[in-house]
There are 2 protein chains.
Amino acid sequence: MKLSTRTRYGVRAALELAANQSKGPVQIKTIAHRQDISIKYLEQLMAILKSAGLVRSIRGAKGGYILAKPANQIKLSDVFNALEGPVTTVECLENKNYCARVTDCVTRQVWAEVQQAIMSVLQSMTLQDLINRTKDKKTLNYQI
Amino acid sequence: MKLSTRTRYGVRAALELAANQSKGPVQIKTIAHRQDISIKYLEQLMAILKSAGLVRSIRGAKGGYILAKPANQIKLSDVFNALEGPVTTVECLENKNYCARVTDCVTRQVWAEVQQAIMSVLQSMTLQDLINRTKDKKTLNYQI
DNA sequence: AGTATTCCTACCTTATTAGTAGTATATTAT
DNA sequence: ATAATATACTACTAATAAGGTAGGAATACT
């Protein structure tokens with residue numbers, strides 16, 4: 001049940017944008033450098049966040065990325081969903097036709113509860129909440 | 001954040017044993033057949049559960065597997081941990097030396113909360129609880 | 001025009017998951 | 001004893017996904 005680097009990197013990148021909301025677009029290379037992520041890889045992650053409607057891009061010189069909405073309106077679950085896909089611990093939670101026993105399968109219920117537990121945590125936090133948590137606002141202290 | 005078949009199969013196998021606790025050992029091939037799992041693959045999963053101390057094996061003819069403890073003393077988190085490894089959403093939760101910023105990293109706190117949420121669900125259920133949940137005790141209704 | 005940036009798409013490498021195969025070892029029943 | 005029935009052990013293989021590279025096209029600012 002490990003988190004993919006995709007999600008971890010993506011959350012960190014989103015936080016970088018959140019921290020710089022007032023200061024205009026942030027370039028991929030800046031984020032990549034600050035967070036120690038491959039530029040080319042991050043490029044792809046940003047594209048995912050963009051198509052999920054969480055960030056907006058500005059092309060060309062002096063371009064970069066900005067959040068598409070205020071940081072207090074972006075829940076961690078939004079970022080998570082975009083990058084990790086829906087938190088579907090098992091196939092049959094998404095696709096009811098996956099298995100005939102769906103209606104009263106005990107293990108399915110368990111995994112559903114696990115999934116719900118994860119989502120409640122992630123839905124309860126916005127990017128802004130996380131920014132507020134950081135003690136030293138200048139240097140965002142996360143690198144996982 | 002998908003669950004591996006390893007864990008899914010393992011939980012189902014453990015439930016088969018729980019359901020047959022009073023009736024002596026259950027053979028791998030029986031479980032494999034009932035749960036539609038490859039015999040050879042399940043063999044390996046049972047070995048993992050065994051080395052985790054959750055089941056005991058009886059070799060030779062009329063042998064098979066039984067739970068090492070009463071079903072109400074085996075938490076789902078035990079089975080999960082054995083098969084999936086500790087629910088470590090990120091490396092630094094296990095290994096504090098993994099990253100220098102550990103002490104006040106915001107994202108680490110988030111993943112820790114997620115991890116805690118998952119564990120509380122799994123720790124709150126025993127195999128017996130799940131058996132009790134099944135409506136029709138004869139045919140264990142799970143196949144995910 | 002020139003430079004800086006995102007955009008797009010294809011590729012590659014490595015790790016993990018899921019599964020197979022074969023043989024050795026232990027236990028029971030005959 | 002011997003045959004039959006189980007697990008135990010170890011190695012191999014195939015498929016998939018994760019993580020990352022590469023190159024150039026499109027766009028926008030100066």
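Naming convention: chains lettered A, B, ... in sequence-line order (proteins, then strands); numbering from 1 in each chain.
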Establish, with yes or no, whether the OP1 or OP2 oxygen of [N] is under 4.0 angstrom from a side-chain nitrogen or oxygen of [X].
{"X": "S38(A)", "N": "dT21(D)", "value": "yes"}
{"X": "S4(A)", "N": "dA17(D)", "value": "no"}
{"X": "T5(A)", "N": "dG19(D)", "value": "yes"}
{"X": "K50(B)", "N": "dA8(D)", "value": "yes"}
{"X": "K62(B)", "N": "dA6(D)", "value": "no"}

For the base of [N], is there a side-chain donor-acceptor partner from [X] under 3.5 Å away?
{"X": "R59(A)", "N": "dA28(D)", "value": "no"}
{"X": "K40(A)", "N": "dG19(D)", "value": "no"}
{"X": "E43(A)", "N": "dT21(D)", "value": "no"}

**OP:** Classify the angle between the aromatic ring planes of Y9(B) and Y41(B) as parallel (below 30°), tilted (30 to 60°) or perpendicular (above 60°).
**Re:**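 The rings of Y9(B) and Y41(B) stand perpendicular, inter-plane angle above 60°.
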Subject >> Nucleotide of dC7(C), dT28(C), dT20(C) approaching Y65(A) most closely (side-chain heavy atoms) >> reply: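 Nucleotide nearest to Y65(A)'s side chain: dC7(C).
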Original post:
Can you check the R56(A) CZ to dT6(C) P distance for me, whole Å?
Top reply: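 Between P of dT6(C) and CZ of R56(A): 14 Å.
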Original post:
Rounded to whole angstrom units, what separation is found between the OH atom of Y41(B) and the C1' atom of dA15(D)?
Top reply: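 Distance check: Y41(B) OH to dA15(D) C1' gives 12 Å.
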